[in-house]
There are 2 protein chains.
Amino acid sequence: MSRRDAKELKEKLLDRGVALLMEQGYHGTGLQELVQSVGVPKGSFYNYFESKEAFSAEVVAHYIEPFIKRLDAQLQRKDLGAAAALRAYFDELIEETERLDFRGGCLLGNLIGEIGDTSDLCQTSLREAVHRYRDKLREGIARAQREGGFRMDMDAKEMADLLVNFWQGALLRMKIERSVRPLTQFCDMLLNGYFKG
Amino acid sequence: MSRRDAKELKEKLLDRGVALLMEQGYHGTGLQELVQSVGVPKGSFYNYFESKEAFSAEVVAHYIEPFIKRLDAQLQRKDLGAAAALRAYFDELIEETERLDFRGGCLLGNLIGEIGDTSDLCQTSLREAVHRYRDKLREGIARAQREGGFRMDMDAKEMADLLVNFWQGALLRMKIERSVRPLTQFCDMLLNGYFKG
DNA sequence: CGTCATAATATGACCAGTCGTCTCATCTTG
DNA sequence: CAAGATGAGACGACTGGTCATATTATGACG
């Protein structure tokens, strides 16, 4: 197998890892299941990753990047202010959640709950991923403040932290209620309410 | 072993189940580990519980009850209004979290993330536990509204949902930041801010 | 340009251990 | 004596991880 294929293979493993860890969690997902469903021999896995734990830490980083990109894409839109772009971004996520029948939620939140204080490696990876996400949100919030869409008497970073944390909580609740209600309530309360001042 | 002892044994299994599921999650906890640490032979477990899944569903109910009792105890205090009692309750939890070195979080949140959409039995049990907790919070919030401590222009049930969901999110964040900051931010923003109107 | 020794990588059978579940002969108790 | 509790262990499947072997890529040399 050539080196180029090898890179694609690693990508495939990470992609599949996102899906499996989302569906079944860390301990619920076996390496055998992972490699078989990708078509990689079991032993080969360890050519690409040190361990299941190290693999999962990479999966976390692999998972969050597209969300940051999508958020950034909304913030780049010329037809929307930053406040409206944030709302558009979360509306997008809510719609997606509904399409997926309220399954999954956020891989970061799920893994934090399951192994957030038992795996140092994953804890670090999870913290860094959350911080990158938070920083992108802060960017949008700060611009919304300058544009007059959001209140100015709060630190943008603090607001971004509220947003991230509350969103995680709303996603958990969504999973057991099987309803978008917690998510829309989140938007109404923060983006359309508290943050407007 | 007499019937009375048997009842104590079941209680012991549930208590230990709370601790183990909290530390290691559902798939991370083995029945063998559970029964050995309680001193029950492995086979006996199935006299008390149908399956690991049914056991976990019972653990969930067993877990939440003390929290509801503690919240109720604060609400019964004659020296505090309902708003202050709620704040006192969460302050108590925050202090406890710090003592435990930011470990664990909330069993409900952790299990929702891990198996909230793969185990129907547990999903139901989790939803019911959250609802009981939410209803007790609503009780306090409604009284705080009547006493003039909280804003009146919002439904108490909706406010209780916000409280529960946001608290779960803050607990997740606390775990990876290893700091009470997300929890105090939660109190400041909701109890001392948004809810006062 | 072709050859080939060597280095790098891929492979999958295999390890020791654990999983959740269930059985059943034996023992305890009302 | 009947009914339930016990406890040792069987069950097949699976766990994360290893390693000797097989395959492939490499680059100096003829």
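So that the names make sense, note that chain A is the first sequence line, chain B the second, and so on, each numbered from 1.
- Taking the six-membered ring where tryptophan is involved, the planes of Phe166(B) and Phe166(A) are essentially parallel, since the angle between them stays under 30° and well short of 60°.
- When the C1' atom of dT6(D) is taken as reference, atom CG of Leu13(B) falls 13 Å away, rounded to whole Å.
- Between Ser44(B) and dA5(D) there is no side-chain N or O to OP1 or OP2 distance below 4.0 Å.
- Counting to the nearest Å, the P atom of dT21(C) and the CZ atom of Phe55(B) are 12 Å from each other.
- Under 4.0 angstrom from either OP1 or OP2 of dT6(D) there lies at least one side-chain N or O belonging to Tyr48(B).
- One N or O donor and one acceptor, one from the side chain of Lys42(A) and one from the base of dG16(D), sit under 3.5 Å apart.
- When ring centroids are compared, Phe55(A) and Phe45(A) come within the 6.0 Å threshold.
- Between the CD atom of Glu33(B) and the C1' atom of dG20(C) there is a distance of 14 Å, rounded to whole Å.
- For a distance-only test at 3.5 Å, the side chain of Lys52(A) fails to qualify as a donor-acceptor partner of the base of dG17(D).
- Put simply, Asn47(A) has a side-chain N or O that comes within less than 4.0 Å of OP1 or OP2 on dA10(C).
- Among the protein residues, Tyr46(B) comes within range of the nucleic acid bases, having at least one heavy atom under 4.0 Å from a base atom.
- For dC19(C), the OP1/OP2 oxygens have a side-chain nitrogen or oxygen of Gln32(B) closer than 4.0 Å.
- Relative to the ring axis of Tyr26(A), Lys52(A) places its NZ or CZ within 45° and under 6.0 Å from the centre.
- Using a 4.0 Å heavy-atom cutoff across all strands shown, Gly30(A) reaches sugar-phosphate atoms only and no base atom.
- At whole-Å resolution of the value, NZ in Lys10(B) and P in dT6(D) are 13 Å apart.
- Listed for the Asp117(A) side chain is a donor-acceptor partner under 3.5 Å among the backbone atoms of Gly104(B).
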